[in-house]
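For reference, the structure is listed below as C-alpha cells.
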Amino acid sequence: MRPTLSDLTVGQDLGSRSIDVTRTDLVKYAGASGDFNPIHWNEAFATGVGLPGVIAHGMFTMGAAVQLVADWAGDPAAVVDFQTRFTKPVPVADTTGDTAAGAVIEVSGAIGALDADAGTARVDLTVLAGGQKVLMKAQAVVRLA
C-alpha cells in the first residue's frame, strides 16, 4: 500500500535497512554503468592513489540508499529528486571465496518536510558504512497522492 501525504508527519520514521556489498557487486555495477575506474576493483591501484583499498562507486552508494525510499513509496517513479554530498568513501574488503560482505551500508529514513501544495514529502536519509556517515544531507523528494 502506497503512503499518502495526509498520513505522514514530520519526523516519522520510515525504517532502515542494511545493504551487503561485495566486490562482485562492484564489478556488476561497473558493467552496468560503464565506470571501470580501477579504484573500484583493483586493490593495488586504489591503495597506490591513497585510498584505503577498493571503494564502492559513489552512484552505487546513492542508488543503494535511495532504494529504501523507492520501496517505501511503492513506486520508484514517485521519487522526483534525490540529492546528497559524498563525505567518505565506502571501502569494500576482498571476501573472495567467502559469503561475507566486504562492506555494509546502513540506511535509515525519516520524513523531513511535507509540502501539501506540491503534494510532496522530503525524506531525509542517514547513510553509514563502518559506523561513519558516507553521505551527507541525503534527501529525496517523493510525490504522493
Side-chain angles (χ1 to χ4, degrees), residues 1-5 7-43 45-96 98-115 118-145:
M1 190 164 117
R2 292 184 61 185
T4 60
L5 201 59
D7 292 333
L8 301 177
T9 57
V10 173
Q12 183 176 342
D13 181 33
L14 301 187
S16 62
R17 71 169 43 148
S18 297
I19 300 123
D20 291 343
V21 184
T22 66
R23 295 249 179 119
T24 300
D25 294 327
L26 301 184
V27 171
K28 289 177 182 179
Y29 184 83
S33 69
D35 181 353
F36 293 101
N37 188 322
I39 64 173
H40 303 303
W41 57 270
N42 184 310
E43 186 80 25
F45 185 88
T47 57
V49 298
L51 293 169
V54 167
I55 62 169
H57 303 74
M59 294 297 133
F60 176 93
T61 304
M62 281 181 68
V66 79
Q67 189 63 49
L68 175 76
V69 180
D71 291 347
W72 167 79
D75 177 8
V79 180
V80 296
D81 185 52
F82 180 51
Q83 299 180 28
T84 192
R85 296 165 91 185
F86 299 99
T87 56
K88 295 203 180 293
V90 177
V92 180
D94 185 3
T95 59
T96 305
D98 190 357
T99 58
V104 178
I105 299 171
E106 302 286 343
V107 182
S108 60
I111 301 297
L114 299 170
D115 185 337
T120 60
R122 189 190 78 219
V123 177
D124 297 340
L125 296 170
T126 300
V127 185
L128 308 172
Q132 297 188 343
K133 266 192 172 184
V134 294
L135 298 181
M136 184 68 69
K137 222 176 155 158
Q139 299 176 330
V141 177
V142 181
R143 187 167 320 284
L144 300 168

To the nearest 0.5 Å, atom CG of Asp7 lies from atom CE of Met1 at 6.5 Å
So OG of Ser108 and CG of Leu125: to nearest 0.5 Å the spacing works out to 7.5 Å
Are Phe60 and Val21 packed together at the side-chain level, in the sense that at least one heavy-atom pair is separated by less than 4.5 angstrom?
yes
**Asked** So, His57 side chain and Asp35 main chain: donor-acceptor pair closer than 3.5 Å or not?
**Response** yes
Interatomic distance, CZ@Arg122 vs CG@Asp81, rounded to 0.5 Å, equals 11.0 Å
Answer yes or no: is there a side-chain heavy-atom contact under 4.5 Å between His40 and Ile55?
-> yes
Here the pair of heavy atoms bringing Val66 nearest to Ala140 is CG2-CB, 4.3 Å
Discussion item. Quick one, Lys133 with Val127, criterion side-chain contact (heavy atoms from CB on, under 4.5 Å). Give me CA distance, side-chain angles, the key distance, then yes/no.
Written reply: CA-CA 6 Å; Lys133 266 192 172 184; Val127 185; over 6 Å; no
To the nearest 0.5 Å, atom CZ of Arg2 lies from atom CG of Asp75 at 4.5 Å
One should read off an interatomic distance between Gln83 CD and Leu135 CG, to the nearest 0.5 angstrom, of 13.0 Å
Heavy atoms of Thr61 and Ala56 approach each other most closely as OG1-CB, 3.9 Å
Quick note, ring-ring contact (aromatic ring centres under 6.0 Å, His included) partners involving residues 71-90, not counting sequence neighbours, are none
| Going by heavy atoms in the side chains, are Val92 and Thr22 under 4.5 Å from each other? | no
Q.
Show, in sequence, the C-alpha distance, side-chain angles and deciding distance for Asn37 and Phe45, and conclude whether the side-chain contact (heavy atoms from CB on, under 4.5 Å) test is met.
A. CA-CA 10 Å; Asn37 188 322; Phe45 185 88; 4.3 Å; yes
Do any N or O atoms from the side chain of Thr120 and from the backbone of Val141 form a donor-acceptor pair under 3.5 angstrom?
no
Of all heavy-atom pairs linking Ala129 and Val134, the shortest is CB-CG1, 3.8 Å
Heavy-atom closest pair (Ile111 atom, Ala121 atom, distance to 0.1 Å) is CD1-CB, 4.3 Å
Note: Ala78 and Ala73 closest approach over all heavy atoms is CB-CB, 4.1 Å
Exercise for review: Compare all side-chain heavy atoms of Leu144 with those of Leu8 and state whether any distance is below 4.5 angstrom.
Suggested key: yes
Here the gap from Ile19 atom CD1 to Glu106 atom CD, rounded to the nearest 0.5 Å, amounts to 8.0 Å
Under 3.5 Å, side chain of Trp41 to main-chain N/O of Phe36, donor-acceptor pair present? yes
Check: Arg17 side chain, Ala65 main-chain N or O, donor-acceptor pair, under 3.5 Å = no
Nearest heavy-atom contact between Thr95 and Ala101 is CG2-O, 3.8 Å
- Query: After noting the C-alpha distance and the side-chain angles of Leu14 and Val69, does the key distance pass the side-chain contact (heavy atoms from CB on, under 4.5 Å) rule?
  - Reply: CA-CA 8 Å; Leu14 301 187; Val69 180; 5.5 Å; no
Are Val104 and Asp20 close enough, and set up right, to give a side-chain contact (heavy atoms from CB on, under 4.5 Å), and what steps lead you there?
CA-CA 5 Å; Val104 178; Asp20 291 343; 3.6 Å; yes
